[in-house]
Amino acid sequence: MDIQNTVSVIGSGTMGNGIAHVFSMCSKITQVVLVDLNDSILNQAKLIIKKNMDRQIKKNIINKEQAENAYNKILFTNDIGNINHSDLVIEAVKEDADIKAAVFSNIDKLTSSDCILASNTSSISINQIANSTKKPQNVIGMHFMNPVPIMKLVEIIKGTKTDNSVVKKTLDYVNLINKTPVECNDAPGFVSNRILMPMINEAAFTYMENIASVDAIDSIMMLGMGHPMGPLKLADLIGIDVCVSIMDVLYEGFKDEKYKACPILNEMIQNNKLGMKSGEGFYKY
Ligand SMILES: NC(=O)c1ccc[n+]([C@@H]2O[C@H](COP(=O)([O-])OP(=O)(O)OC[C@H]3O[C@@H](n4cnc5c(N)ncnc54)[C@H](O)[C@@H]3O)[C@@H](O)[C@H]2O)c1
């Protein structure tokens with residue numbers, strides 16, 4: 001396998017710190033560059049990665065030495081120039097097409113002609129993202145699931161111009177970190193969020209219309225449908241803002257009213273009830 005060894009991750013939030021974590025654990029990867037806007041955000045990411053590695057030590061998944069080696073491979077930086085030697089860059093910034101376009105235009109300029117440019121977007125078109133670069137053949141969707149250190153799936157989204165060799169290498173990277181890649185084509189929400197997000201949105205409507213309490217809605221879906229986590233708890237885990245951004249992309253992409261975000265979700269954003277990351281969403285943390 002022709003895997004190179006420097007991986008960069010742009011954005012150290014919920015997903016970015018998890019992606020940096022799993023690549024740092026891989027013996028074939030020698031450096032992980034984790035980029036965010038400022039030191040205070042990066043310090044938060046350091047704490048989360050340490051805490052998650054400690055949890056893995058307690059569960060005997062890794063030992064202390066492996067955790068230290070992995071952690072020491074991560075360069076936490078607010079200077080995006082540090083990604084210039086990367087073989088694979090994974091973008092995990094906010095779910096906003098304009099912000100992603102600006103980030104991709106920048107990483108395109110900073111990286112070599114054979115660097116893979118991947119996006120962890122949950123819903124935004126890979127073709128649209130690829131258009132903001134001069135190497136659309138290198139652009140691919142690498143959609144990790146939350147929480148990244150635990151979830152096995154990485155949804156691989158092929159753009160119309162994505163080169164087959166880039167798809168092959170990306171599958172190799174995913175296998176290397178012991179996750180399972182599943183391929184699909186580019187469409188709003190791809191497969192996972194086209195199916196998951198309308199369910200979460202409908203659960204929010206069910207709560208807003210006072211059909212049942214938060215606990216009852218989640219219990220019905222867990223006990224009745226065998227879901228490991230109820231849809232409202234899952235919305236809190238994903239982030240209410242992220243859920244609304246994905247619904248907006250589905251709505252814009254399909255031009256269908258059925259994808260309109262539930263008003264209660266927008267209200268929650270206005271009140272900073274973003275879910276686990278802000279301490280309150282449908283539940284308190
Ligand atoms: N949260 C989820 O469950 C989930 C699951 C799968 C995919 N995603 C996708 O992953 C991406 C990130 O989501 P998240 O939940 O981690 O968001 P988040 O808000 O937790 O983190 C985003 C991070 O990006 C940083 N950032 C913003 N602009 C930047 C820039 N120009 N350069 C460097 N860093 C920048 C922010 O400071 C923040 O730390 C989104 O596209 C989202 O749709 C999220």
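For clarity, every value in this text was computed on a predicted model and none was experimentally measured. Indexing begins at 1, ligand by ligand and atom by atom, following the structure's order. For this chain, numbers begin at 1 and follow the sequence in order.
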Of all the atoms in ligand 1, which lie at a distance below 4.0 Å from a heavy atom belonging to Val103?
31 (N)
Judged by heavy atoms only, the candidate from Leu37, Ile80, Ile246 nearest atom 32 (N) of ligand 1 is Leu37
Nearest neighbour in protein (non-hydrogen) for atom 19 (O) of ligand 1
Lys277 NZ, 4.0 Å
Count the heavy atoms belonging to other residues, nucleotides or ligands that lie under 6.0 Å from NZ of Lys273, then report whether that count exceeds 12.
no
Check the surroundings of atom NZ in Lys179: do more than 12 heavy atoms from other residues, nucleotides or ligands lie under 6.0 Å from it?
yes
Give the residue and atom name of whichever protein heavy atom lies nearest to atom 7 (C) of ligand 1, and the separation in Å to one decimal.
Ser122 OG, 3.1 Å
Is there a polar contact between ligand 1 and Gly239, counting only N or O atoms under 3.5 Å apart?
no
Between Asn17 and Ile49 (side chain of the first, backbone of the second, donor and acceptor by atom type, cut-off under 3.5 Å), is there such a pair?
no
Identify, by atom number and element, the atoms of ligand 1 in contact range of Lys100, meaning under 4.0 Å from any of its heavy atoms.
40 (C), 41 (O)
Would a search of protein heavy atoms around atom 3 (O) of ligand 1 find one under 4.0 Å away?
yes
Per-atom filter on ligand 1: closer than 4.0 angstrom to a heavy atom of Gly13 are 16 (O), 20 (O), 21 (O), 23 (C), 39 (O)
Got more than 12 heavy atoms from elsewhere within 6.0 Å of CD, Glu209?
yes
Quick one: which ligand 1 atoms are inside 4.0 Å of a heavy atom on Val242?
15 (O), 43 (O)
Check this for me, if you would: do Asp87 and Lys169 make a salt bridge, where the nitrogen-to-carboxylate-oxygen distance has to be below 4.0 angstrom?
no
Below 3.5 Å, N or O to N or O, backbone or side chain included: is there any such pair between His143 and ligand 1?
no
Test item, Ala92 contacting ligand 1 (heavy atom, 4.0 angstrom):
yes
Note: ligand 1 atoms sitting under 4.0 Å from heavy atoms of Ile10 are 32 (N), 33 (C)
Look at atom NZ of Lys255 and say whether more than 12 heavy atoms of other residues, nucleotides or ligands are closer to it than 6.0 Å.
yes
In terms of atom number and element, which parts of ligand 1 are under 4.0 angstrom from non-hydrogen atoms of Thr121?
41 (O)
of all protein heavy atoms, closest to atom 36 (C) of ligand 1 is Asp36 OD1, 3.4 Å
Honestly, for Ile41 the part within reach of ligand 1 (heavy atoms, under 4.0 Å) is side chain
Answer yes or no: does atom NZ of Lys152 have more than 12 heavy-atom neighbours from other residues, nucleotides or ligands under 6.0 Å?
yes
With a sphere of 6.0 Å drawn around NE2 of His227, does it hold more than 12 non-hydrogen atoms of other residues, nucleotides or ligands?
yes
Side chain proximity check, Leu196 to Leu234, heavy atoms < 4.5 angstrom:
yes
Counting distance only, does the side-chain N/O of Asp36 pair as donor-acceptor with the main-chain N or O of Ser12 below 3.5 Å?
yes
min-distance protein heavy atom vs atom 41 (O) of ligand 1 -> Glu95 OE1, 2.5 Å
Any idea which atoms of ligand 1 are less than 4.0 Å away from a heavy-atom of Asn146?
1 (N), 2 (C), 3 (O)
Report yes if Ile238 has an N/O atom closer than 3.5 Å to an N/O atom of ligand 1; otherwise report no.
yes
Around atom 13 (O) of ligand 1, find the nearest protein heavy atom and jot down its residue, atom name and distance.
Met15 CG, 4.0 Å
Would the number of heavy atoms belonging to other residues, nucleotides or ligands and lying under 6.0 Å from CZ of Phe76 be above 12?
yes
Should the pair Asp172-Lys168 be classified as a salt bridge under the 4.0 Å nitrogen-to-oxygen rule?
yes
I'd like the name of whichever of Asn120, Val93, Ile99 reaches closest to atom 35 (C) of ligand 1 through any heavy atom.
Val93
